Amino acid sequence: MESFSTLIRTASHEQHVEAETSTFMSDLLGGRLGVDAYARYTEQLWFVYEALETGTERLASDPAAGPFIQPELFRLASLERDLAHLRGSNWRSGLSALPATQAYADRVRECAGDWPAGYIAHHYTRYLGDLSGGQIIRDKAEKTWGFARKGDGVRFYVFEEISNPAAFKRGYRELLDAVRVDDLEKQRIVAECKKAFALNTAVFRALGEEFPLSA
Ligand code: HEM
């Protein structure tokens, strides 16, 4: 039988393409957006990671989600440094979640609280993506808005404590393959992963509406 890591990757492939080719992402990667759009996007990420990384002490002892709680992945502190750079030391005062972001963060929090196996889907969708395509976004952001290489503004994309991302991703896939749930629960995790991608795409759509190019 197909391994779980292959299953979840294959099952979410279509949604990945959709997220990757969303208007907002294409405009961002095409260097067509101002730094304000990038800052607004980074603010949205803050809400998502706040939800992902709150309550992780409790999740760490869960048989299914526990092995995934690895502090070297945590992004909230890096996001806060980026936001201080992008918005100034008062960044918290202007912070607001788009409705799509609120819905995404709420769903993550719900899983973290009531369904640890479902939380794995959200963990996978964000962190494995950040370790992969995130590097392409970082490179583009540095070039477009002149951030120092791996410095303030793009620290979210820099995993200081992961020296070999490819090896880390291999280890992560092993964790997925060893996940301690039955086959039916694996199907539910895959379905939640698709939902996680859809929640991301909805945030991109909302950002695209806020930052239309030809307005
Ligand atoms: C323009 C934006 C994006 C680009 C260029 C991009 C690119 C990539 C690339 C090249 C990989 C393959 C890495 C590898 O095989 O080791 C990857 C994997 C992945 N990406 Fe993205 N990505 C983008 C957006 C996203 C978004 C928005 C999400 C979800 C929020 C996401 C989630 C993932 C996940 C979960 C994987 C791991 C797949 C697996 O191997 O299981 N990506 N991405």
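Because the structure is a prediction, the values reported are computed rather than measured. For ligands, and for the atoms within them, numbers begin at 1 and follow the listed sequence. The chain is numbered in sequence order, starting from 1.
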With heavy atoms and a 4.0 Å threshold, my read on which part of T125 contacts ligand 1 is both
Which of the atoms of ligand 1 are close to I136, meaning less than 4.0 Å from one of its heavy atoms? 5 (C)
Please give me the minimum heavy-atom distance between K150 and E142, naming the atom from each residue. N-OE2, 2.8 Å
Plane angle bin for Y41 and Y38 - parallel if under 30°, tilted between 30 and 60°, otherwise perpendicular: perpendicular
Rounded to the nearest 0.5 Å, how far apart are OH of Y104 and CZ of F47? 14.0 Å
Check each atom of ligand 1 against the heavy atoms of K169 and keep those under 4.0 Å away; list them by number with element. 13 (C), 14 (C), 16 (O)
Heavy-atom contacts under 4.0 Å between E20 and ligand 1: side chain, backbone, both, or neither? both
Close aromatic pair by centroid cut-off 6.0 Å: Y49 and F156: yes
For F204, counting its heavy atoms only, list the atoms of ligand 1 lying under 4.0 Å from any of them. 27 (C)
Could you check whether E50 pairs with R109 (Lys NZ or Arg NE/NH1/NH2 to Asp/Glu carboxylate O, under 4.0 Å)? yes
Under 4.0 Å from a heavy atom of R173: give me the atoms of ligand 1 that qualify, with their elements. 16 (O), 39 (C), 40 (O)
Decide, yes or no, whether a salt bridge links R205 with E209 under the criterion of side-chain N to carboxylate O below 4.0 Å. no
Is there a donor-acceptor pair under 3.5 Å between the side chain of R58 and the backbone N or O of A112? yes
Tell me which protein heavy atom sits closest to atom 25 (C) of ligand 1, plus the residue, atom name and distance to 0.1 Å. H16 NE2, 3.7 Å
For E210, does the CD atom sit with more than 12 other heavy atoms under 6.0 Å from it, leaving out its own atoms? yes
Against heavy atoms of M25, which atoms of ligand 1 measure under 4.0 Å? 1 (C), 2 (C)
Atom 12 (C) of ligand 1 [closest protein heavy-atom partner, distance rounded to 0.1 Å]: S132 CB, 4.1 Å
Between H122 and the options K195, R107, E110, the side-chain contact (heavy atoms from CB on, under 4.5 Å) test singles out R107
Counting only heavy atoms closer than 4.0 Å, does ligand 1 sit against the backbone of L29, its side chain, both, or neither? side chain
Give a yes or no on whether K186 atom NZ has more than 12 heavy-atom contacts from other residues, nucleotides or ligands under 6.0 Å away. yes
Could you say whether the N/O atoms of R126 and ligand 1 ever approach to under 3.5 Å? no
Give the single entry among S5, G129, G133, S26 that approaches atom 34 (C) of ligand 1 most closely by any heavy atom. G129
Could you find the nearest protein heavy atom to atom 26 (C) of ligand 1 and give me its residue, atom name and distance? A19 CB, 4.3 Å
Would you mind checking which non-hydrogen protein atom is closest to atom 28 (C) of ligand 1, with the distance to 0.1 Å? F197 CE2, 3.7 Å
Side chain, backbone, both or neither: the part of Y124 lying under 4.0 Å from ligand 1 by heavy atom: both
